[in-house]
Amino acid sequence: MPAKNTKSVKPKPKKTYYYRIFFDDNESKNYMKSKLTYKQVEKYLKSYEKTHEKFINKEFVDYLKKYDRTAELIEISDISY
């Protein structure tokens with residue numbers, strides 16, 4: 001019986017997307033990174049808005065972690081010297 005030619009096929013890593021989150025109700029501007037596409041993030045944003053009265057960037061990213069464990073908030077802060 002001939003030996004099977006088995007090559008280890010590595011799955012392609014999913015792309016990481018970076019999104020700018022506009023000001024939330026606390027007036028902070030942030031970015032986030034996620035493996036979710038824009039359409040997926042938009043869909044989850046709409047469902048988040050239905051269940052929350054206030055929009056807070058950190059809480060939204062925590063909500064997204066249900067669907068993407070790699071979702072992460074990138075905080076922007078001013079530097080003065």
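Because only heavy atoms are used, hydrogens play no part in the values below, and waters and symmetry mates are left out as well, while side chains stay in. The first residue of the sequence shown is numbered 1, and numbering continues consecutively from there. This one's a predicted model, so the numbers in the text were calculated from it and none came from an experiment.
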With a 3.5 Å distance limit and no angle check, can you tell me whether Tyr67 reaches the backbone of Tyr44 through a side-chain donor-acceptor pair?
no

I'd like to know if the side chain of Glu49 and the backbone of Lys46 have a donor-acceptor N/O pair within less than 3.5 Å.
no

To the nearest 0.5 Å, what is the distance between OG1 (Thr37) and NZ (Lys15)?
11.0 Å

Does the ring centre of Tyr19 sit less than 6.0 Å away from the ring centre of Tyr31?
no

Between Tyr63 and Tyr48, does the ring centre distance come in under 6.0 Å?
yes

To the nearest 0.5 Å, how far apart are OG in Ser34 and NZ in Lys65?
10.5 Å

Before you tell me yes or no, could you show the steps for Leu64 and Leu36 under side chain to side chain contact (heavy atoms under 4.5 Å, CB included), namely the whole-Å CA-CA distance, both residues' side-chain angles and the distance that decides it to 0.1 Å?
CA-CA 9 Å; Leu64 275 183; Leu36 299 172; 3.8 Å; yes

Mind jotting down which residue pairs meet the salt bridge (Lys or Arg N to Asp or Glu O under 4.0 Å) criterion with at least one end in residues 30-43? Sequence neighbours excluded, please.
Lys33-Glu72

Determine, stepwise, if the pair Phe55 / Leu45 fulfils side chain to side chain contact (heavy atoms under 4.5 Å, CB included).
CA-CA 10 Å; Phe55 183 83; Leu45 176 61; 3.3 Å; yes

With Met32, the side chain to side chain contact (heavy atoms under 4.5 Å, CB included) member among Ile21, Asn57, Ile74
Ile21

